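The model shown is predicted, which means the values in this text are computed figures rather than measured ones. For the numbers below, each heavy atom of this structure counts, side chains included, while hydrogens, waters and symmetry mates do not. Along the sequence shown, residues are numbered consecutively beginning with 1.
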Amino acid sequence: MKKLIKWLGTENIHVDFLDMDKAGMCVIDERMILVSSKISEFEQIKIIYHELKHFEHKDYKELYKKFVYHSKLEYETEDNVVKHFIEDSGHEYNYSLLLEEFDIGMGYDTKYQRFAR
């Protein structure tokens, strides 16, 4: 977690841990990610990676008002969580446990995602 927070600092993104009911949110204009202090560190990391992807969506704020686009953009944020989790770990995983941990359906396959975007 410390390595992630430090890297975000180099990207000029500040992370605050707050006693809040919502798991997390980002304030794009302030370059800030807010994370609930009530959840586990593992969940906090997942939230940070999720919210981080929203910074790439900053030009698409209006699309979030439309269900289909909102769903697609949220899917991209969740995809980002899984990719970072695997890349940052630096070791092999039991992918069936990974699918279960992230509540991913068995049809998830990144090689086909590039055609859906």
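Separation of atoms CD1 (Ile45) and NE2 (His50) is listed at 15.5 Å; rounding is to 0.5 Å. For the atom pair Ile33 CD1 and Gln44 CD, the distance stands at 12.0 Å (nearest 0.5 Å). The line from CD1 of Ile47 to CG of Leu34 is 11.5 Å long, rounded to the nearest 0.5 Å. Remark: Lys6 NZ to Leu8 CG distance equals 12.5 Å, nearest 0.5 Å. To the nearest 0.5 Å, atom CE of residue Met25 and atom CD of residue Glu51 are 8.0 Å apart. To the nearest 0.5 Å, atom NZ of residue Lys53 and atom SG of residue Cys26 are 12.5 Å apart.
Side-chain atoms of Ser36 come within 3.5 Å of backbone N or O of Met20 as a donor-acceptor pair.
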message: Would Ile48 and Met1 count as a side chain to side chain contact (heavy atoms under 4.5 Å, CB included) here? Give the steps.
response: CA-CA 10 Å; Ile48 291 169; Met1 171 78 88; 3.9 Å; yes
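When the side chains of ILVMFWY residues are joined at heavy-atom separations under 4.5 Å, either directly or via intervening members, Val35 and Ile5 end up in a single hydrophobic cluster. By the criterion of side-chain heavy atoms lying less than 4.5 angstrom apart, applied directly or through intervening Ile, Leu, Val, Met, Phe, Trp or Tyr residues, Val27 is not grouped with Phe55; the two fall into different hydrophobic clusters. By the rule that hydrophobic residues join a cluster once side-chain heavy atoms approach within less than 4.5 Å of another member, Leu4 and Met32 end up as members of separate clusters.
Among residues at least two apart or in separate chains, salt bridge (charged side-chain N to carboxylate O under 4.0 Å, His left out) pairs with a member in residues 9-22 are Asp19-Lys38, Asp21-Lys38.
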